[in-house]
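Counting from 1, the numbers follow the sequence of the chain as shown. All of these numbers come straight from a predicted model, not from anything done at the bench.
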Amino acid sequence: LIADGTGNIGNTANSVTLTPGRYLISYHLRADGTTTGEYGATPTLNGTTLPLYASEGQASVNTPDSTGASFIGIASTLQLLAITPTTNQISMSNTVSVVRLGS
């Protein structure tokens, strides 16, 4: 994690907190599994789900898979709601990037 020295972008245990403004938001999911199954996530901004920017993938046996999305949003709280893998033998990791646009 890189701290935001401006105080515009912060984080809690399960969300990114943002001061009001426009942001470029990108996320990337990676899945590794020992069985085949689906995985994914849907972003939410200010408590509203954004299905247009949802991303899903299909992990195969011992073959990593990845998916993600980018969008511009006006936000104060960002969360990624994970889609439960169809098998508990898929390990998911994610990366979220947030850049404030303008002042």
Asker: Going by side chain to side chain donor-acceptor pair (under 3.5 Å), name the residues that satisfy it together with T67, two or more places apart in sequence or in a different chain.
Answerer: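 S55.
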Asker: Which heavy atom in N11 sits nearest to a heavy atom in T17, and how many Å separate them?
Answerer: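 Where N11 meets T17 most closely, the heavy atoms are N-OG1, 3.9 Å.
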Asker: Of all residues at least two apart in sequence or in a different chain, which pass the side chain to side chain donor-acceptor pair (under 3.5 Å) check with T6?
Answerer: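 In terms of side chain to side chain donor-acceptor pair (under 3.5 Å), with neighbours along the sequence ignored, T6 is linked to D4, N8.
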Asker: To the nearest 0.5 angstrom, please state how far the CD atom of E56 sits from the CG atom of D65.
Answerer: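 It is 11.5 Å, given to the nearest 0.5 Å.
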Asker: In sequence, state the C-alpha distance, the side-chain angles, and the governing distance for V96 and L78, and then conclude on side chain to side chain contact (heavy atoms under 4.5 Å, CB included).
Answerer: CA-CA 10 Å; V96 178; L78 166 69; 4.0 Å; yes
Asker: Please check this pair: side chain of N46 against backbone of T77, looking for a donor-acceptor N/O pair closer than 3.5 Å.
Answerer: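 Yes, because the side chain of N46 sits within donor-acceptor range (under 3.5 Å) of the backbone of T77.
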Asker: Can you name the closest pair of heavy atoms from V98 and I9 and give their distance?
Answerer: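 Distance-wise, the nearest heavy atoms are O-CD1, 3.5 Å.
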Asker: If Ile, Leu, Val, Met, Phe, Trp and Tyr residues are connected whenever their side-chain heavy atoms lie under 4.5 Å apart, and connections chain through other members, are L52 and I25 in the same group?
Answerer: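 Same hydrophobic cluster.
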Asker: Using the test side chain to side chain donor-acceptor pair (under 3.5 Å), find all partners of Y23 that sit at least two apart in sequence or belong to another chain.
Answerer: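 T19, R100.
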Asker: With rounding to the nearest 0.5 Å, note down the distance linking OG1 in T44 to CG in L50.
Answerer: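 Interatomic distance, T44 OG1 to L50 CG, rounded to 0.5 Å: 7.0 Å.
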Asker: List the residues meeting side chain to side chain donor-acceptor pair (under 3.5 Å) with T49, not counting sequence neighbours, and say none if there are none.
Answerer: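 For T49, no residue satisfies side chain to side chain donor-acceptor pair (under 3.5 Å) once neighbours in sequence are set aside.
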Asker: Keeping the roles fixed (side chain from Y39, backbone from R30), state whether a donor-acceptor pair exists under 3.5 Å.
Answerer: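 Flag not set: sc Y39 to bb R30 has no pair under 3.5 Å.
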Asker: Provide the full list of ring pair (Phe, Tyr, Trp, His ring centres under 6.0 Å) pairs with a residue in residues 45-70, sequence neighbours left out, each pair given once.
Answerer: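 Non-adjacent pairs meeting ring pair (Phe, Tyr, Trp, His ring centres under 6.0 Å): Y53-F71.
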Asker: Minimum heavy-atom separation for A54 to T42, with atom names?
Answerer: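 Minimum heavy-atom separation between A54 and T42: CB-OG1, 3.6 Å.
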Asker: For the CG atom of D32 and the OG atom of S93, what is their distance to the nearest 0.5 Å?
Answerer: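 If we round to the nearest 0.5 Å, D32:CG and S93:OG are 6.5 Å apart.
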